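Remarks on the structure that follows.
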Amino acid sequence: MSASTFAIENVRVWSDGLSLAPEAFQSVVLQNGKIAWLGRTNTLPNEYSDAKCLDAKGKLLTPAFVDCHTHLVFGGNRADEFAARLRGTSYAQIAASGGGIMSTVRATRALSLDQLIDQSLPRARNLLAEGVGTIEIKSGYGLDFENERKMLLAARAIGRALNVSVQTTFLALHALPPEAKSGDARRLWIDSVINDCLPRLVDEGLVDAVDAFCESIAFDLAEVERLFEAASRLSIRCKLHAEQLSNSHGSALAARYQALSVDHLEYLDEAGVRAIAQSGTVATLLPAAFYCLRETKLPPIEWLRSAGVPMAVASDCNPGTAPQSSLRLAMHQACTLFGLTIEETLAAVTRHAAAALGLHDRGQIAVGQRADFALWDVQSAAEIVYWLGHLPVQHLRL
Ligand code: DI6
Ligand code: FE
């Protein structure tokens, strides 16, 4: 038996689609970072009987959660804009007057790589403290090669510093930099992002996926399509911020490029739902942004459900529309604001969130999956969603 064999005994294993409060005590055997065996503790095969073991004393085991949409690397904060929004200024108005994403771009550009890591680490730590084992982190506040690269390097450094799995997304078309506002400059800037920044960042191995913000205040369908074309030629998968503030039909475009996910979706229409159902694209719901913007248009949950579209939930942690470094709060919001069930919400931060990142080695407790778990001192999995705030959890990673 290999020295790296380890068993978790007397654990109640939460499993997608089964009871929220499993009764039976099970054992999970881990070998070489993967699940090698799973079953009743009293049927543990002899070959594993002298593995190093942890007695879980009946605690509940889930896969480590996956936060599949964050912008947690950024400089500064936008508390002043929060105050302005409370006085009635809209997110779009703030963006139009040079604030919004652009104020975070200025703050992010002003930091060194080390400063950026220092400011961003606590947000990642918060996620880990609530059972998250995989974090997607987007760039998008640099808006030039050096600063986008700095953001992606910071994201990777955070992964190493915290020993957590980080997936980096090049958010290539998030906002136009101030230096590229006019017609021709706009086209030239997009050219340089697609023809210069993208291949160089891909060459450096910093790009797990690309993303864009498809919206009337951001980038249009034709611009997004150029990015998706270029990414597809480099074999890089696409994601899209779509139908957040209006219906731009970005989801249907993303579906044509077999996007991993489309995210936000408050204004998604029935044709868009059909398109992503066909392409197998994950619908990522971001209730924290819905909540912080005091949006009233709900994403079409019932249509997504009946079309069988996999739904993920993520924190969207960002300084503007979701200053929230809590995935558990997003789960609670998905239930209370969007009407997801507990079961849907748990699948949304495990299996479906992993799929939204193109990862199939995590998000379930099954033989062959990565040994990356959260161990909860709760009676039922509903408690994980129910409690607001502190809930102790042990992150088990082998
Ligand atoms: N949609 C969002 O909600 C975030 N980005 C995006 O494209 C907001 C980013 C910000 O306001 O800083
Ligand atoms: Fe986002």
Side-chain angles (χ1 to χ4, degrees), residues 67-82 84-85 89-109 119-120 123 135-143 147-148 151 155 167-177 209-220 223-224 227 238-246 248 250-251 254 259-268 282-295 297 299 312-325 327 330 333 353 356-357:
D67 193 347
C68 67
H69 181 141
T70 86
H71 309 247
L72 70 75
V73 167
F74 60 83
N77 73 77
R78 306 222 303 263
D80 54 340
E81 292 179 11
F82 174 59
R85 286 212 310 276
T89 315
S90 75
Y91 180 68
Q93 277 164 343
I94 290 170
S97 62
I101 293 174
M102 219 44 71
S103 72
T104 300
V105 170
R106 287 186 292 272
T108 303
R109 284 180 172 180
Q119 288 199 12
S120 306
R123 295 185 278 270
I135 310 176
E136 185 254 18
I137 303 177
K138 301 177 195 294
S139 66
Y141 292 120
L143 308 187
N147 285 293
E148 289 292 305
M151 289 189 70
Q167 292 284 304
T168 47
T169 298
F170 175 37
L171 177 42
L173 302 178
H174 194 198
L176 270 185
V210 297
D211 195 348
F213 186 18
C214 185
E215 191 60 61
S216 51
I217 60 164
F219 296 90
D220 67 24
E223 292 165 338
V224 172
L227 172 69
C238 305
K239 302 170 80 67
L240 190 64
H241 285 70
E243 333 324 342
Q244 178 185 11
L245 307 171
S246 63
S248 307
S251 298
L260 288 169
S261 71
V262 286
D263 303 44
H264 286 290
L265 306 179
E266 280 81 346
Y267 290 82
L268 182 65
V282 175
T284 300
L285 305 170
L286 304 170
F290 172 95
Y291 166 79
C292 290
L293 292 173
R294 293 194 283 179
E295 178 60 71
K297 177 92 168 71
V313 168
S315 71
D316 196 17
C317 178
N318 78 69
T321 59
Q324 172 177 321
S325 52
L327 182 60
Q333 291 163 330
L357 299 176

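These numbers come from a predicted model, not from an experiment. Just so you know, ligand 1 is whichever comes first in the structure, and atom 1 is the first atom listed for that ligand.
Between the NZ atom of Lys297 and the CG atom of Leu268 there is a distance of 8.5 Å, given to the nearest 0.5 Å. Separating the CD atom in Gln244 from the CZ atom in Phe213 is a distance of 5.0 Å, to the nearest 0.5 Å. Atom-to-atom distance recorded for Leu357:CG and Ile135:CD1 is 11.0 Å, nearest 0.5 angstrom. Rounding to the nearest 0.5 Å gives a distance of 8.5 Å between OG1 of Thr321 and CG of Leu286. Between the CZ atom in Arg106 and the CD1 atom in Ile101 there is a gap of 12.0 Å [rounded to 0.5 Å]. Note that OG1 of Thr284 is 5.5 Å distant from NZ of Lys239, once rounded to the nearest 0.5 Å.
Residue-level contacts of ligand 1 at the 4.0 Å heavy-atom threshold are His71, Arg78, Tyr91, Ile101, Tyr141, His174, Phe213, His241, Gln244, His264, Asp316, Asn318, Gly320, Thr321.
Put simply, the residue from Thr168, Asp211, Thr169 that forms a side chain to side chain donor-acceptor pair (under 3.5 Å) with Lys138 is Asp211.
Note: Phe74 and Tyr141 have perpendicular aromatic rings, judged against thresholds of 30 and 60 degrees for the angle between ring planes.
Of all the heavy atoms in Val73 and Ser120, the pair that sits closest is CA-OG, 3.3 Å.
Only protein N, O or S atoms were considered, and those under 2.8 Å from the Fe ion (ligand 2) are His69 NE2, His71 NE2, His241 NE2, Asp316 OD1.
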